[in-house]
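Below is one structure, written out as structure tokens; the observations come after it.
Here is the naming used below: chain letters follow the sequence lines, and residue numbers restart at 1 for every chain.
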Number of protein chains: 2
Amino acid sequence: MAGDEIVSRRPRAVTIKHVAAEAGVSLQTVSRVINDGPNVRDAIKQRVVAAIEKLGYVPSLAARRMGGTRSYLLLALNDRDRTIAGWQSGDGTDWVDQMLLGGMLKCAEHGYRMIFELVDTHSLHVERELTAALAALHPDGVILTPPHGDNPLITRLLASRHIPFARIGSDGQAPGFAIQMDDAKAAAAATEHLLLLGHRRIGFITGSRDYSLSVKRLVGYRSAMRGAGINTRDLVAEGDFTFESGVKGSEALLGLGEPVTAILASSDQMALAALNVARARGLEVPRDLSVVSFDDTPIVRFCAPPLTAIRQPIAPMTATAAELLIRAANGDEIEDGPHVLPFELIVRESTAAPPR
Amino acid sequence: MAGDEIVSRRPRAVTIKHVAAEAGVSLQTVSRVINDGPNVRDAIKQRVVAAIEKLGYVPSLAARRMGGTRSYLLLALNDRDRTIAGWQSGDGTDWVDQMLLGGMLKCAEHGYRMIFELVDTHSLHVERELTAALAALHPDGVILTPPHGDNPLITRLLASRHIPFARIGSDGQAPGFAIQMDDAKAAAAATEHLLLLGHRRIGFITGSRDYSLSVKRLVGYRSAMRGAGINTRDLVAEGDFTFESGVKGSEALLGLGEPVTAILASSDQMALAALNVARARGLEVPRDLSVVSFDDTPIVRFCAPPLTAIRQPIAPMTATAAELLIRAANGDEIEDGPHVLPFELIVRESTAAPPR
DNA sequence: TTGAAAGCGCTAACAC
DNA sequence: GTGTTAGCGCTTTCAA
């Protein structure tokens, strides 16, 4: 170990200086090459690139953030309570996974990282929590998932600080990039699928009021029903996406004087609940009752019977969010939204013609 | 907007300077308070804390990393191919979610963040990929999930750079903190559960050879069978955790001259495959065939019938990993491992006495 | 027990 | 086109 006294405690990594020395140019020139800046002759660029290759140089995010105006970080915000509850109960929802799939991979393409955080949308401290995360990380953009995109405390704070943000599954009439699927059209499509099978008593279980998309889905369902000349007065049950609320809603709809023959549920958990309630009442799905889910999560594919469902493009929406934010950080002009991504109606074995 | 010319383009956040000025002390004193350092009188500490509160100051991670020796970042590494394939196919595995649950929340307790990355364990570029992530982020520690913890290219690189790392589900005889459940004992427990029900022809489908825990599970199964005086010569099928390999393995085991009456599968996907193969052969579970899964993921709870399964403590293991790494970054002495966390055998409806 | 000075690795602004 | 300088917000080191 002779000579090792010279080795500093903090092992020095390859920095821009080493590259500059290796290529025989100034720091600034290396910086320009890294950032694809103008005013570098091709020959020099080659030399720098070669030096970077040779030394295996990768710039430090922290240093870039300190020197410059960007952090190469995107912050993805999810609702704390709902997310943790879902993880702990193992509810089988893959929202977060799909977000990672879309967001992480898109970030990686551009040298960005996506950092996941949980904040309490209902807490009085939302602003404090968010401020703290912003101060610690200085993200170049923030991705808001429902219901955060509909929370004015959050959107106003972000807007006032001029931090670009994207709202997934949230309305177009506000600051921030709106990225959505057409929830109304999706609900209408699901309803029409049931109408086409011959159903007329089609019940709808809504999502939580915190989510603007809950309303849009209800609107889509109502318009499809109205188009078929059916009154929906007694056919709507209020839910909040949870299994329990799905149980309540299903029982209400199946306990009507003239019970429903089909249930369109605004979440996978509520659809599963409908399945359970039906079974408890001796109803067979889809023979006696058709069920449609609004989430196409793994469990609705593996449950018995596999459920007909609307597939939300969560990964593509998150990828789009990341891309818009990165482009915004690059100073690009972004086309006006809302950015609407296509849904899919996936027909499986939980829907059939009504009994009789 | 008069006076706004003074506002810089880059909106200045609250920094340590502001806090120092507000409290009437030097930067250094504020830094000491933030870092819980020694040599600060209580009265002064109070003043600083009050100033921090008042201004809503939160230190910038990037600046702390630049100035000091730590980044307050932990890097969690997952296998790229397997993870992405799982996300895209919606296989219902909640490994990543459970890691986030355990890791993120533990990090948050200590002002740390966990950053998720995917690297290709089989690629020739593992080292390049990992080096790049290390250079960009300078994490204070790395969490390795299977099979990365068993990849010497990765562990050696980390060890040589003196970056603390934790290996989840990997063996104790190597550098890095080993965090595991007792895979052998778990396999034995599952086997004994089946033996107790009266089974003797118990088939086992192994996991991928890349994973050291695959071997340990096989060992546990074998020892339990040996204890019951049963020869396992024809009872072991090789799988790789995937559904397809589960189909193959199940078919082999059910196609034996004297077919198995129970299958212990090393993953949820393979257990599901066993269920499918059984159904295709007109076998009813658990009447004609018992099935035990080695993952307790949401789908094995929602499938029909819900599967008896070993529950791996993924969230607690990840939390432990994060905690050990953070303590290591704090310079604490860490007790010798391996750190073994308890598993659970959860009996559901897929296991019963053998036919006849 | 406190403060002052230096420097981390990079980018921005400007000079050449 | 290219290089020089200053400074980002902290921690470290050393002096007081």
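No donor-acceptor pair under 3.5 Å is formed between the side chain of A:R113 and the backbone N or O of B:E117. For A:D79 (side chain) and A:T121 (main-chain N/O), a donor-acceptor pair under 3.5 Å exists by modelled atom type.
Separating the CD1 atom of B:I16 from the P atom of D:dC8 is a distance of 14 Å, rounded to the nearest angstrom. Protein atom CG of B:D42 is 13 Å distant from nucleotide atom C1' of C:dT1, rounded to whole Å. Atom CG in B:N330 sits roughly 14 Å away from atom P in D:dT11 (whole-Å rounding). What separates NZ of A:K17 from C1' of C:dC10 is a distance of 10 Å, to the nearest Å. Taking atom NZ of B:K45 as the reference point, atom C1' of C:dT2 lies 15 Å away to the nearest angstrom. Nucleotide D:dT13 holds its P atom 15 Å from the CG atom of B:N39, rounded to whole Å. Rounded to an integer number of Å, the gap from CG of A:L55 to P of C:dG9 is 14 Å. Atom pair B:M66:CE and D:dA6:C1' shows a separation of 14 Å (rounding to whole Å applied).
Contact annotation: B:R64 does not reach the phosphate of D:dG9 (side-chain N/O to OP1 or OP2, under 4.0 Å). Side-chain N/O atoms of A:T29 include one lying less than 4.0 angstrom from OP1 or OP2 on D:dG3. Residue B:S31 has a polar side-chain atom (N or O) positioned under 4.0 Å from OP1 or OP2 of D:dT11. Distances shown here put a side-chain N or O of A:S26 below 4.0 Å from the OP1 or OP2 atom of D:dG3. Between A:R32 and the phosphate of D:dG1, there is no side-chain N or O to OP1/OP2 separation shorter than 4.0 Å.
Residue order along DNA chain C, read from the 5' end via each residue's closest nucleotide, puts B:P38 first among A:Q28 and B:P38.
Within 4.0 Å (heavy atoms only), A:Y57 reaches sugar-phosphate atoms of the nucleic acid but no base atom. Using a 4.0 Å heavy-atom criterion, one finds that B:I34 contacts no nucleic acid atom at all. Within the 4.0 angstrom heavy-atom criterion, no nucleotide atom of any strand lies near B:R70.
Between B:E22 and B:R47, no side-chain nitrogen of the basic residue sits less than 4.0 Å from a carboxylate oxygen of the acidic one, so the salt-bridge criterion is not met. Salt bridge A:R327/A:E335: present, at least one basic N to carboxylate O contact under 4.0 Å.
The A:A63 side chain lies nearest to C:dG9 when the options are D:dT12, C:dT2, C:dG9. If you check C:dC10, D:dC10, D:dT12 against the side chain of B:P59, the one that comes closest is D:dC10.
A donor-acceptor pair shorter than 3.5 Å can be found between the side chains of B:R64 and B:Y72.
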